[in-house]
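Read the structure below first, then the notes.
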Amino acid sequence: MNVSARATAASLRGILSRTNIGRVSARSIVTLAKRSLPGASIALRNSAIRHKITVPITATFSQIRSLKTLDFGGTKEQVYERSDWPKEKYQEFFKNDTIAVIGYGPQGSGQSLNARDNGLNVIVGLREGGRSWKEAVENGWVPGKTLFPITEAVQKGTIVLNLLSDAAQKELWPAMKPHLTAGKTLYFSHGFSIVFKDDTHVIPPDDIDVIMVAPKGSGRTVRSLFLEGRGINSSYAVYQDVSGKAKDKAVALGVAIGSGYLYETTFQREVVSDLVGERGVLMGAIQGLFLAQYEVLRANGHTPSEAFNETVEEATQSLYPLIGENGMDWMYACCSTTAQRGALDWYKPFHKAAKPVFEELYRKVADGSEARHVIEKNSSPQYREELEVELKEIRESEIWRAGKTVRSLRPERKS
Ligand SMILES: NC(=O)c1ccc[n+]([C@@H]2O[C@H](COP(=O)([O-])OP(=O)(O)OC[C@H]3O[C@@H](n4cnc5c(N)ncnc54)[C@H](OP(=O)(O)O)[C@@H]3O)[C@@H](O)[C@H]2O)c1
C-alpha cells in the first residue's frame, strides 16, 4: 500500500469508528483505500443498511510533512501539532546538537528545563554572579558542565537560543556575534531584535539559520503547562534559511520546548502583534479598564470590596474562564438575561471608544517608537529598581490593596 492509500485507510478507520456501520474487516478497508480517490463517495453495505461516506481529501495531505490546514473563522491557516514531532523524532533530529540557552528569565528557564526534560543536550549561558545564575544552579544546572558564562555557551552551542531581555540582546550582541559561526542556528522568542535592527544593531551573519519560536504566554506558563502534560500555543518563523532545514528546526524546537501547537508567522508580524497585544487587552488596557470602573464605583459611594468584586474578582474567577472555555457568546449565555441585555448594548460604545486608542497604539508599534522607548528605558542600569517603583505604585493603589483582602477570603486560601 502506498503512503496515500495507507493514510486513506487510517482516515477511513477513524470515520467508520464514529459511524453506526459496525465492524468492517481490515481487508475491506485496505481494498477500499487502494481503490478510492480522495474526495470520492463510496458506498458500504452492512446488514440491510447502505451507507455512503466520502473519502477524506486531507488523508493524503496529512502525510506530507505533517502540516495541517485548518479553518480559523473562515480563513485557512496551517498549523503543526505536538503529535507531528514525537520525542524520538526530535531527539534523533537534534542528536548532534548542543542547545545553548542564553538568559534565564521566565522564557530561558521554562524553555531550557522543558528541552532538558525532553532529552535534548542543553546548556545555559548567563552572566556569572547574577540573579539568574543563582536560580539556574538551584534548578540543577552545573557550572562548568551545563552552565557557562554567556560567550562560552554561545561558543559551545550549535543552536543558540537568545532569551536575554530584549535590551540585553542589544547590549550583548557584539560579544555574541563572533561565536555565531557558519552552520550554527540562532533562535529568538520575539521578533524584536531583528525587526528593530536599526535600533538594536542585531544583524546576524548571513551563513547561519535564524529562526523564532514565540510562546504565547509567560515563560512561567511554558513550564507549568509542560509539567501538567499540556502545551503552550506558539508561533514560529524563519528569517534566514541557509541549511534548508530552518523550518524543521523551528517546529521541532517549538515542540521540544513545550508547545502544544504552532502557527506560522514572520518576525515582523510577530513583534507587532505581540507588542500591541501586551500593551492592549492582555495587560495595559485591562488595568486601564479595571481602574476606570473601580474609580467610578468608588466615587459613587460603593465600598472597596463591592467595587473590587464587581470589577476584578468576578471577571477572573467566574466569567473570563468561561470565555476561555467556549467563547464570548457562551459566557454571555451563562449569565442572567439582565446581564446579557446590558452587555450586548454596552460593548458597542466601549468598542467605539477603544478602537482609536488601538489604532494609535498600532501606529506607534509599527513605526518603531514603542521599541525605541523600551530599549531606552530597559537599558538603564537602574531599570529593575525603576520598574519596581512603578509596580509598587500599582500594588499599593487602593484597588489592588482591596484585591489582596478579597483574595485572602477565597475558601481554598484559608485551609
Ligand atoms: N516573558 C514573556 O512572557 C515572554 C513571552 C514570549 C516571548 N518572550 C521573549 O523571550 C525573551 C526573554 O524574555 P524573558 O521575559 O524570559 O526574559 P527577561 O526577564 O526579559 O530577561 C531576563 C534575562 O536577561 C538577563 N540579562 C538582563 N540584562 C542583562 C545584561 N546586561 N547582561 C547579561 N544578562 C542580562 C537576565 O540575567 P540576570 O538575572 O543576570 O540579570 C535574565 O537571565 C525576550 O526576547 C522576550 O521578548 C518573553
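As a basis for the values below, the full set of heavy atoms in this structure was taken, side chains included, without hydrogen atoms, waters or symmetry mates. Start at 1 and go down the list; that is how both ligands and their atoms are numbered. Predicted model only: the values in this text are computed from it and were never measured.
Selection from P215, S234, S189 by nearest heavy atom to atom 7 (C) of ligand 1 gives S189. Nearest to atom 39 (O) of ligand 1 by heavy-atom distance, out of S132, S379, G108, is S132. When V213, L164, D166, V222 are checked for heavy-atom proximity to atom 25 (C) of ligand 1, L164 turns out nearest. Between atom 31 (N) of ligand 1 and the options K170, E171, M212, the minimum heavy-atom separation is to E171. Checking G105, G219, P106 against atom 15 (O) of ligand 1, the nearest heavy atom belongs to P106.
Annotation for ligand 1: atoms under 4.0 Å from non-hydrogen atoms of Y104 are 42 (C), 43 (O). Listed by number with element, the atoms of ligand 1 under 4.0 angstrom from any heavy atom of H190 are 45 (O), 47 (O). Listed by atom number, the atoms of ligand 1 under 4.0 Å from G130 heavy atoms are 40 (O). For ligand 1, the atoms closer than 4.0 angstrom to any heavy atom of G103 are 43 (O). Listed by number with element, the atoms of ligand 1 under 4.0 angstrom from any heavy atom of G217 are 3 (O), 5 (C). Each of the following atoms of ligand 1 lies closer than 4.0 Å to a heavy atom of Q169: 45 (O).
Where the criterion is an N or O separation shorter than 3.5 Å, residue side chain and backbone included, S165 meets it with respect to ligand 1.
From the protein, the heavy atom lying nearest to atom 12 (C) of ligand 1 is L163 O, 3.3 Å. Protein heavy atom closest to atom 26 (N) of ligand 1, with residue, atom name and distance, is A168 CB, 3.9 Å. Remark: minimum distance from atom 4 (C) of ligand 1 to any protein heavy atom is reached at Q107 NE2, 3.2 Å. Shortest contact from atom 3 (O) of ligand 1 to any protein heavy atom: S218 CA, 3.2 Å. Of the protein's heavy atoms, R127 NH1, 3.3 Å lies nearest to atom 30 (C) of ligand 1.
Considering only heavy atoms from C-beta on, L113 comes within 4.5 Å of W141 through its side chain. Contact annotation: the side chain of L291 approaches that of Q287 to within less than 4.5 Å [non-hydrogen atoms, C-beta and beyond]. Within the 4.5 Å cutoff, the side chain of F196 has heavy atoms near those of the V271 side chain.
No hydrogens or angles considered: a donor-acceptor pair under 3.5 Å links the side chains of Q111 and S189. Judged purely by distance below 3.5 Å, without hydrogens or angles, the side chains of Q293 and T311 pair a donor atom with an acceptor atom. Between the side chains of D209 and Y187, not a single donor N or O lies within less than 3.5 Å of an accepting N or O.
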Chi angles and distances behind the ring pair (Phe, Tyr, Trp, His ring centres under 6.0 Å) call for Y104, W133: CA-CA 8 Å; Y104 207 72; W133 184 278; over 10 Å; no
N300 vs H302, side chain to side chain contact (heavy atoms under 4.5 Å, CB included): CA-CA, chis, key distance, verdict: CA-CA 6 Å; N300 285 282; H302 298 268; 4.2 Å; yes
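In this structure, Q340 contributes its side chain and C335 its backbone to a donor-acceptor pair below 3.5 Å. Judged by distance alone, with hydrogens and angles left aside, the side-chain atoms of S259 form no donor-acceptor pair with the main-chain N or O of Y261 at under 3.5 Å. T158 places a side-chain N or O within donor-acceptor distance of the main-chain N or O of T98, the cut-off being under 3.5 Å.
Contact annotation for L172 and ligand 1: only side-chain heavy atoms (C-beta onward) come within less than 4.0 Å of the ligand. Of the heavy atoms in K216, none comes closer than 4.0 Å to ligand 1.
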